[in-house]
Amino acid sequence: MSVRPILRIGNPLLNCVSEAIPTTPGVPWSLGSSELADLVADMLATMEAVGGAGLAAVQIGVPKAVMVFGITQNPRYPDAEPVPTTVLINPALEVLDSAPAEYFEGCLSVPGFRGPVLRPASIRYTATLLTGERITRDVSGFHARVFQHEYDHLMGRLFPSRITDFSRFGVTEELEAAGVI
């Protein structure tokens, strides 16, 4: 397990749609493979080392459909409710409540910046766990937000592309000093 460098905005790999993890046992990157186990271990170590709330595999240079997230307490998101540490493989998203909820997002791949992003308030996701079990969860609040943010990474999208009011997008410290966040 090692902490890996995080790709930053401008790296073309962040604009690519991530590849699904194979379901056939015994092939490279499939469930139970050493490649996948090592990747997940590195993702969790990296997320913890940098104080992130979530991380997609592509952010560390591996364009595979794998995401990790979890938060107990994070100074970047002081009002966020706890979200259990979760590893998801080949996730899918379904919107349950399209009423938008606004939240100031940041991103490890867009360091030092925050901006207002509107996202559906309530979603359902399905995915495979490392154990091979398929799960479905209905979530809202910060859990829904962090899933959607990481899912965007798997689709080759960064949060600034979702901002509709750029007058409130900027360097985190400047936004805080101005009372915007």
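For this chain, numbers begin at 1 and follow the sequence in order. Here the structure is a predicted model, which means the values were calculated and not measured.
- The backbone N or O of G112 sits less than 3.5 Å from a side-chain atom of T172, completing a donor-acceptor pair.
- Cluster membership for L39 and I21, using ILVMFWY side-chain heavy atoms within less than 4.5 angstrom, is shared.
- For the residue pair P120 and S98, the shortest heavy atom distance occurs at CB-CA, 4.4 Å.
- By the side-chain hydrogen bond (donor to acceptor under 3.5 Å, both in side chains) test, R137 is found to be paired with Y125, residues two or more places apart in sequence or in another chain being considered.
- Both V146 and M155 belong to a single network of hydrophobic side chains, linked directly or stepwise wherever heavy atoms of I, L, V, M, F, W or Y lie under 4.5 Å apart.
- Remark: T85 pairs with L44 by the side-chain contact (heavy atoms from CB on, under 4.5 Å) rule, at least two apart or across chains.
- Closest non-hydrogen pair, A20 versus A65, comes out as CA-CB, 4.1 Å.
- The CZ atom of R114 sits 10.0 Å away from the CD atom of E173 when rounded to the nearest 0.5 Å.
- No side-chain heavy atom of Y151 sits under 4.5 Å from any side-chain heavy atom of L88.
- Across M43 and A57, no two heavy atoms sit closer than the pair CE-N, 3.3 Å.
- Rounded to the nearest 0.5 Å, atoms CG (N90) and OG (S18) are 10.0 Å apart.
- Under a 4.5 Å side-chain heavy-atom criterion applied to ILVMFWY residues, the cluster that includes I163 comprises L7, I9, L13, L14, V58, V110, F113, V117, L158, F159, F166, F169, V171 as well.
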Stepwise side-chain contact (heavy atoms from CB on, under 4.5 Å) check, V62 with W29: CA-CA 11 Å; V62 182; W29 290 102; 3.8 Å; yes
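- Side-chain N or O atoms of S167 include none that pairs as donor or acceptor with a backbone N or O of D165 at under 3.5 Å.
- Screening residues 42-73 for ring-ring contact (aromatic ring centres under 6.0 Å, His included), with sequence neighbours left out, gives F69-H143.
- The shortest side-chain heavy-atom distance between V139 and I123 falls under the 4.5 Å cut-off.
- With values rounded to the nearest 0.5 angstrom, I89 atom CD1 is found 12.0 Å from K64 atom NZ.
- The list of side-chain hydrogen bond (donor to acceptor under 3.5 Å, both in side chains) pairs with a residue in residues 31-48, not counting sequence neighbours, reads R4-D42, S33-E35.
- The shortest heavy-atom contact between E150 and A56 is OE1-N, 3.2 Å.
- Between the E81 side chain and the F142 main chain, a donor and an acceptor come within less than 3.5 Å of each other.
- Clustering ILVMFWY residues whenever any of their side-chain heavy atoms sit less than 4.5 angstrom apart, transitively, puts V83 in a cluster other than the one holding V68.
- In the hydrophobic clustering of this structure, I71 does not group with M47; members are Ile, Leu, Val, Met, Phe, Trp, Tyr whose side-chain heavy atoms approach within less than 4.5 Å, directly or through other members.
- Listed by chain and residue number, nothing satisfies the salt bridge (Lys or Arg N to Asp or Glu O under 4.0 Å) test with R157 (two or more places apart in sequence, or in another chain).
- When atom types are taken as modelled, the side chain of R124 and the backbone of E94 share no donor-acceptor pair closer than 3.5 angstrom.
- Looking at every heavy atom in both residues, M1 comes nearest to A45 through CG-CB, 3.5 Å.
- No hydrogens or angles considered: nothing links the side chains of R8 and S109 as a donor-acceptor pair under 3.5 Å.
- Hydrophobic cluster membership differs between V95 and F147, with clusters built from Ile, Leu, Val, Met, Phe, Trp and Tyr side chains linked at under 4.5 angstrom.
- In terms of heavy-atom proximity, G26 sits nearest to S30 at N-OG, 3.4 Å.
- Inter-residue side-chain proximity for E105 and Q148 is flagged as unmet; no heavy-atom pair is nearer than 4.5 Å.
- With rounding to the nearest 0.5 angstrom, the CG atom of D79 is 13.0 Å from the CZ atom of F104.
- Ring orientation note: the planes of H153 and H149 are nearly perpendicular, at an angle over 60° on the 30°/60° scale.
- With values rounded to the nearest 0.5 angstrom, L96 atom CG is found 4.5 Å from S122 atom OG.
- Under the 3.5 Å distance criterion, the side-chain polar atoms of Q59 are left unmatched by any main-chain donor or acceptor of I6.
- Side chain of R162 to backbone of R119: no donor-acceptor contact under 3.5 angstrom is found.
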